[in-house]
Amino acid sequence: MSAVVFLQMLKWSVRTLNFLWYFETGFQAKLRFSGRRAINATAFFLLFAICTTWLHAGEASPAATNTPSALFNSTTEATNSASSFAAEGPAAYKKMSLQELMNLDVTSVARAPEPFSQAPASIVVITQDEIRRSGASSIPEALRLADNLDVAQRNSHDWSISARGFNTALGNKLLVMIDGRTVYSPLFSGVFWNAQDYLLEDIDRIEVISGPGGTLWGANAVNGVINIITKNTMDTQGLYLEGGGGIPGTGEVAGTRSVLRGFAGVRYGGVLASNVYFRVYGKYFDRGNEEYPDGSPANDSWSMGQGGFRIDAMPSSLDDFTLQGDIYGSDLSMPSGGLANQSGGNLLGRWSHTISGNADMSLQLYYDQTHLSDPETETVLGNTYTQILTDDLRTYDLDFQYRVKLGGRHQVIWGTGFRHTHDVVGESEIVQFLPPVLDRNLYSAFVQDQIQLLEHVFLTLGTKVEHNDYTGFEVEPSGRLQWNVTTNQMIWGAVSRAVRMPSRVDTDIRENSPNPPFTILAGSPNFESEAMIAYELGYRAQLTEKLSTSISTYYNDYTDIRSTSFTPATVVPLYFANNLEGHTYGLELSVDYQVLEGWRLHGGYNLIKEHIHIKPGEVDINNALNETADPQQQFFLRSSFDLPRNIELDGALRWVDRLTINNGGTPATVPSYFELDSRLAWHPTRWLELAIIGQNLLHARHVEYGVPGGTPNQEEILRAVYGKVSIRW
Amino acid sequence: MVNEPAGHTEVERCMSGVSRKRGASSLLGLFILTFILLTSRFVHAQTKEYQVKAAFLFNFAQFVQWPTNAFPNAEAPFTIGILGDNPFGRALEETVRNESVQGHRIVVSHSQQLQDVEHCQMVFISKSERGHVGEILSRFAGRNILTVSELPGFANRGGVINFYPEGTKVRFEINAAAAQRERLKISSELLSLGKIVEPELSKGGP
């Protein structure tokens, strides 16, 4: 069955779910019930039939039948771990095998894996349990769980996400990876968040590191690194189904429903051979419009389908192989008019090998392809032009890493990497990238040594050396000192250098006026890497068994930040230069408190002060306002209850300070806001989960980003309530 | 909604008599009310974590073979001792009720005193004994006791089995050398599920 057909099936089933919502509530039931709906309903059941067939195929495959049934049973057990409510109590547990016991969730709260609570950096680990309980329906929504990020939703399908400032629509100082695959676009060094998706159920954790990660991760890891890590297929055995949609009457525009109109997802995991596990998944969602401040719909609806697979093989205790791939396609209505399309796919293979108790290595290779077709609208001298901008990017990436313990005191990691990108930007008169076809190579090597200076004091020294086709060699060294004051307390400090290398926007872009023909804005071939030196100091402690805290402070010194200059005689074309500099400082604080066994509280606070200015004697037509759009303070409070009768109740309150955003060289303001997300879920049986999720409950609509009537335009994000049914078999 | 006059506060909007809106605000009210109600009446029961850990202890007893001289006589019970605070409540008793190991009936004994659990075949050392691990382990040495705890570094310091959390799940590490010293035979199945730890190389040898 082709993937396209499969996604179409999902699409139908989503529509059918919508229909069922209406039918159940008797809401406009007459109107909606038509022959087409009946066909959709048939398709929905067909989908179930296909899933069942898959299930059978998995069971009937010779490899699976050769597997000892005990193993098969114990692995299917694992999928239910997130909500194993049925058999509880000492009498039930004593009948379980050790493997089954090991698959039970014993805490409502996932603690960060040990290595990370030890890492001398500002790290937040978002666990699968936290994602599920947040009610997030997309990766950007899940990232709101990280106190060290600023997540601003611009419209139905666009977000600005950054750590430690510089959170503009073209934000470019964050490195984002999914299972080791870099997903920021070399077009503008930022992330198309609406092209990054996964079945959230199968994400193991998201590690969010604020601060420079250049030494290990390389270019673009200036202000932070986001690592999205999906589960091993051993942990996703069995069938998972989810579906749901907006609850009628919660949308704000008469006749519409919640912004998330409907969604469905399916995953099946099985055993291919002894020690070889796989999963396949597909998902689809359909989101409606947000609104403009005057209440009119913003024409930014969005639908997207994605499917993929992953295979993990462990032929020996020393080797792990992973092969995985995804494909996706989406339609995005553009607030400025027209319809954008995005599609893409990737294939990744990884081999990890343990050489001895003291050394291991891993080798990773991937291919990634993205397609973007985006209508661009531009008004010049009273004339409005619309043209389609297309971008086709192919990325080939090879990474090698080696880790070895030397003597008693040294742990050395070194690695090398090579990336080739082939980017083709389509012909368009008003927005051009010159040359249209561009091949780029990136070579890198890094080495890092963690030295045990004293029993409880560790020094980590390392550097990355990178060669790119824009600026040649870049060096990104760092030094970190970690002192384990007691077994439960750690103080750390670091000094690091990181760079943001030029993107195609910086060097290749042309924004043209067709009539009269002239260039308004031009990229600059001489554009330099933006550089930063960061000074960090942090403290992390498990104060009591129930109370833990983390505080990170930083001072970042930036040079050569992007500015927009002009030629005095002719004014146009404007061009990019590196005429901004300055510093930022701030702190990130988080506290976790387990009030009772089934009640957890989390508090977070984030402060940033930014002082970015134009270099003496230089110019920036945006008055140093264009690279920042950051709330000075953010405050988070979350509560997680496990209630009797298998009910979970979660709430997340956030306060985001007002932010200043560039409006053609003058400051515009987005007001501060309070918002509340909440989720109430019930597990009537072990395999079923019913949830009702409310997002942005405090206001009918609120603004998070943008300039009123400007670019990006200010849009109001609507209150949304949706229902979700999950089945884990 | 589209032509709504400007200047209305959020509350006014919510109360503006449109039933759809009232639905949304009362839903919010319901959320808040539920929060308050459930917080006040929330009473937690026995912890699931320790019910599961009790089942682990029971399982360990099945997968480890004690030397015959670990029991004073054939009728003697198999005793699981809990040293320090008892985190299990009644869970451990409930788990091992009417069960036996190598033909010995299982009983549970709980004490704050070291000498009270010295005769046990398995001792769970509670977190409350954090500061006394070295002392406890040296007192137990040579008594064929399967020591189990949940303190970081317990197995490295010479304890036999140590629980540790991994995400929301329970994992355990085994110091096979320590088990061998106590002449405890750990089945390969148990060894394959646990993480094997090397004894810590402290100054002056292991």
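Quick caveat: nothing in here was measured; it's all calculated off a predicted structure.
B:Q62 contributes atom CD, which lies 13.0 Å from atom OG of A:S97 (distance to the nearest 0.5 angstrom).
Nearest heavy atoms, B:T95 versus A:K94: O-NZ, 2.8 Å.
The environment of CD in B:Q180 is sparse: at most 12 heavy-atom neighbours from other residues, nucleotides or ligands sit within 6.0 Å. More than 12 heavy atoms of other residues, nucleotides or ligands lie within 6.0 Å of CZ in B:R171, so this atom counts as buried by the packing criterion.
Between the B:K169 side chain and the A:M102 main chain, no donor and acceptor come within less than 3.5 Å of each other.
In this structure, the side chains of B:L190 and A:L98 come closer than 4.5 Å at one or more pairs of heavy atoms.
Using a 4.5 Å cut-off between heavy atoms, B:E99 contacts chain A through its side chain alone, with no backbone atom that close. Of the two parts of B:F58, only the side chain, counted from C-beta on, holds a non-hydrogen atom closer than 4.5 Å to a non-hydrogen atom of chain A. When heavy atoms are compared at a cutoff of 4.5 Å, B:F63 approaches chain A solely by way of its side chain, counted from C-beta outward.
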